[in-house]
Amino acid sequence: MADLKGLAESIIGGNMAKAKELTQSAVQEGVEPGKILGEGLIAGMNVVGDKFKKNEFYVPEVLIAARAMHAGMDILKPILAKSGVKPVATVVVGTVKGDLHDIGKNLVVMMLEGAGFDVVDAGVDVDAEKFASAIQEKSAKLLGMSALLTTTMPSMKTTIDVLQTKGLKDKVKIMVGGAPLTQEYADEIGADGYAPDAASAVDKAKELLSL
Ligand code: B1M
């Protein structure tokens, strides 16, 4: 019988080989892919997110768990695409112009993927035009911007202004984060939300999109 609880545990423990094996056997047993995703991979990453928030897990454990989650996702993605299971929503995430820090941004990407979002990773040093094009091309419902330098934080405001000019500001929710960011700064620049860490980013994304 498919062991979805074991699959979730393999994600929490970062056991990539086990995650692959249990995803594969669940698929072979004919378990619905949405169920494998929800009760196995996402359930596991939810626990990882909770532990990260409580400082029971640190960055390395999250990265190892995300690697196990990706191993399962690689098997499920083509099947999910065929079976018509829709991702929660499409999100564009990137580090802003002038900023090359991507470790935190990558954690946010992984946690969002783990929660079932379709994430378009725009990379680092992303300017307003590139964010705007990605949002339009992918019909994204949420934009996530990361900044680690006080000198690049204003680039978030520039992007928001450009989205406003292009008529995109009301079509997409904007979430910001990164070590120097605060809720006050997010409010000041007109972002819809701020998240202090990658696990909270998932909660905030769901809140902003009323999911
Ligand atoms: Co840089 N760097 N760095 N650096 N670097 C800092 C940020 C710094 C605080 C170090 C210091 O001086 N104490 C300082 C910034 C000072 C400031 O602006 N006030 C700094 C500086 C000055 C610089 C350079 C200018 C140095 C130089 O060249 N003179 C230069 C700038 C390059 C550039 O970007 N243009 C630079 C370069 C680099 C490296 C390339 C060497 C490397 C980056 C490698 C990489 O990312 N691939 C690097 C690193 C590693 C750091 C430190 C040491 C660590 C950053 C990190 O990855 N933290 C950092 C000092 C420090 O923080 N101790 C520092 C771990 C990561 C998991 O945390 O990114 O905060 P964080 O992400 C968290 C949350 O913030 C949140 O979730 C994540 C997980 O919980 N979060 C979001 C992040 N994005 C989010 C988005 C969201 C929501 C939450 O929604 C969308």
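Numbering of ligands and ligand atoms starts at 1, following listing order. Values reported hereafter were calculated over all heavy atoms of this structure, with side chains retained and with hydrogens, waters and symmetry mates removed.
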Inset, instruction - Distance to 0.1 Å, residue and atom name: give those for the protein heavy atom nearest to atom 84 (N) of ligand 1. - result: Ser146 OG, 2.8 Å
Legend entry - Lys/Arg N to Asp/Glu carboxylate O, Lys130 vs Glu137, below 4.0 Å: no
Inset, instruction - Give the cluster check for Ile64 versus Val47: same hydrophobic cluster or not, with ILVMFWY residues linked at side-chain heavy-atom distances below 4.5 Å. - result: no
Inset, instruction - Verify, without hydrogens or angle tests, whether Asp102 (side chain) and Lys105 (backbone) share a donor-acceptor contact under 3.5 angstrom. - result: no
Inset, instruction - Determine whether Val119 and Ile135 fall in the same hydrophobic cluster, where Ile, Leu, Val, Met, Phe, Trp and Tyr are linked whenever their side-chain heavy atoms lie under 4.5 Å apart. - result: no
Legend entry - Interatomic spacing from CG in Asp187 to CD in Gln183 - rounded to 0.5 Å: 4.5 Å
Inset, instruction - Quick one: pull up CG in Leu37 and CE in Met45 and give me the separation to the nearest 0.5 Å. - result: 12.0 Å
Legend entry - Non-hydrogen protein atom less than 4.0 angstrom from atom 62 (O) of ligand 1: no
Inset, instruction - Mark the output for Val93 as yes if a heavy-atom distance to ligand 1 is under 4.0 Å, and as no if none is. - result: no
Inset, instruction - Compute the shortest N/O to N/O distance between Ala179 and ligand 1 and return yes if it is under 3.5 Å, no if not. - result: yes
Contacts table for residues 6-17: side-chain donor-acceptor under 3.5 angstrom, sequence neighbours left out:
unit_1	atom_1	unit_2	atom_2	d
Ser10	OG	Leu7	O	2.6
Asn15	OD1	Ala17	N	3.4
Asn15	OD1	Lys18	N	3.1

Inset, instruction - State yes or no: do Met175 and Ile160 share one hydrophobic cluster built from I, L, V, M, F, W and Y residues joined by side-chain heavy-atom distances below 4.5 Å, directly or via other members? - result: no
Legend entry - Per-residue contact class, Met145 against ligand 1 - non-hydrogen pairs under 4.0 Å: backbone
Inset, instruction - Quick one: look up the protein heavy atom nearest atom 35 (N) of ligand 1 and list residue, atom name and how far away it is. - result: Gly98 O, 2.9 Å
Inset, instruction - Decide side chain to side chain contact (heavy atoms under 4.5 Å, CB included) for Asp121 and Asn106; before the verdict, give the C-alpha distance in whole Å, the side-chain angles of both, and the deciding distance to 0.1 Å. - result: CA-CA 8 Å; Asp121 185 347; Asn106 291 344; 3.9 Å; yes
Inset, instruction - May I ask whether Pro180 places a heavy atom under 4.0 Å from ligand 1? - result: no
Inset, instruction - Could you tell me which atoms of ligand 1, counted from 1 in the order shown, lie closer than 4.0 angstrom to a heavy atom of Asp99? - result: 34 (O)
Legend entry - Residue portion contacting ligand 1 (non-hydrogen atoms closer than 4.0 Å) for Phe52: side chain
Inset, instruction - Considering heavy atoms of the protein only, find what lies nearest to atom 71 (P) of ligand 1 and give residue, atom and distance to 0.1 Å. - result: Gly104 CA, 4.0 Å
Legend entry - Name of the residue among Val93, Val126, Leu181, Val96 meeting side chain to side chain contact (heavy atoms under 4.5 Å, CB included) with Met145: Val96
Legend entry - Protein residue, atom and distance nearest to atom 46 (O) of ligand 1, heavy-atom basis: Asp102 N, 2.8 Å
Legend entry - Nearest neighbour in protein (non-hydrogen) for atom 67 (C) of ligand 1: Leu107 CD1, 3.6 Å
Legend entry - Interfacing atoms of ligand 1 (cut-off 4.0 Å, heavy-atom, Ala195): 88 (C), 89 (C)
Inset, instruction - State if Val108 counts as touching ligand 1 under the rule of any non-hydrogen atom under 4.0 Å. - result: yes
Inset, instruction - Identify whether Leu112 and Phe57 are in the same connected component of the hydrophobic contact network (ILVMFWY, side-chain heavy atoms under 4.5 Å). - result: yes
Legend entry - Shell of protein N/O/S atoms around atom 1 (Co) of ligand 1, taken as anything under 2.8 Å: His101 NE2
Legend entry - For Gly144, atoms of ligand 1 separated by under 4.0 Å from a heavy atom: 91 (C)
Inset, instruction - Could you tell me which non-hydrogen atom of Ala140 sits nearest to which non-hydrogen atom of Val92, and how far apart they are? - result: CB-CG2, 3.7 Å
Legend entry - Side-chain heavy-atom pair Leu209, Phe117 within 4.5 angstrom cut-off: yes
Legend entry - Partner of Met156 under side chain to side chain contact (heavy atoms under 4.5 Å, CB included), chosen from Val176, Asp99, Asp161, Leu143: Val176
Legend entry - Shortest protein contact, atom 86 (C) of ligand 1 (heavy atom only): Gly177 CA, 3.5 Å
Legend entry - N or O contact, Asp197 vs ligand 1, cut-off under 3.5 Å: no
Inset, instruction - Please could you name the atoms of ligand 1 that Met175 approaches to less than 4.0 Å, counting only its heavy atoms? - result: 90 (O), 91 (C)
Legend entry - Under 3.5 Å: N/O of Leu100 near N/O of ligand 1: yes
Legend entry - Protein contact to atom 44 (C) of ligand 1 [nearest heavy atom, distance to 0.1 Å]: Ile103 CD1, 4.3 Å
Legend entry - Salt-bridge criterion met for Lys53 and Asp203 (N-O under 4.0 Å): yes
Legend entry - Options Ala186, Ala198, Ala147, Ala205, ranked by nearest heavy atom to atom 79 (C) of ligand 1, top entry: Ala198
Legend entry - Same apolar cluster (I L V M F W Y, side chains within < 4.5 Å links), Leu148/Val108: no
Inset, instruction - Let me see the working for Asp50 and Glu56 under side chain to side chain contact (heavy atoms under 4.5 Å, CB included), right down to the final yes or no. - result: CA-CA 8 Å; Asp50 277 348; Glu56 289 170 15; over 6 Å; no
Inset, instruction - Write out the residue and atom name of the closest protein heavy atom to atom 81 (N) of ligand 1, then the distance separating them to 0.1 Å. - result: Gly178 N, 3.5 Å
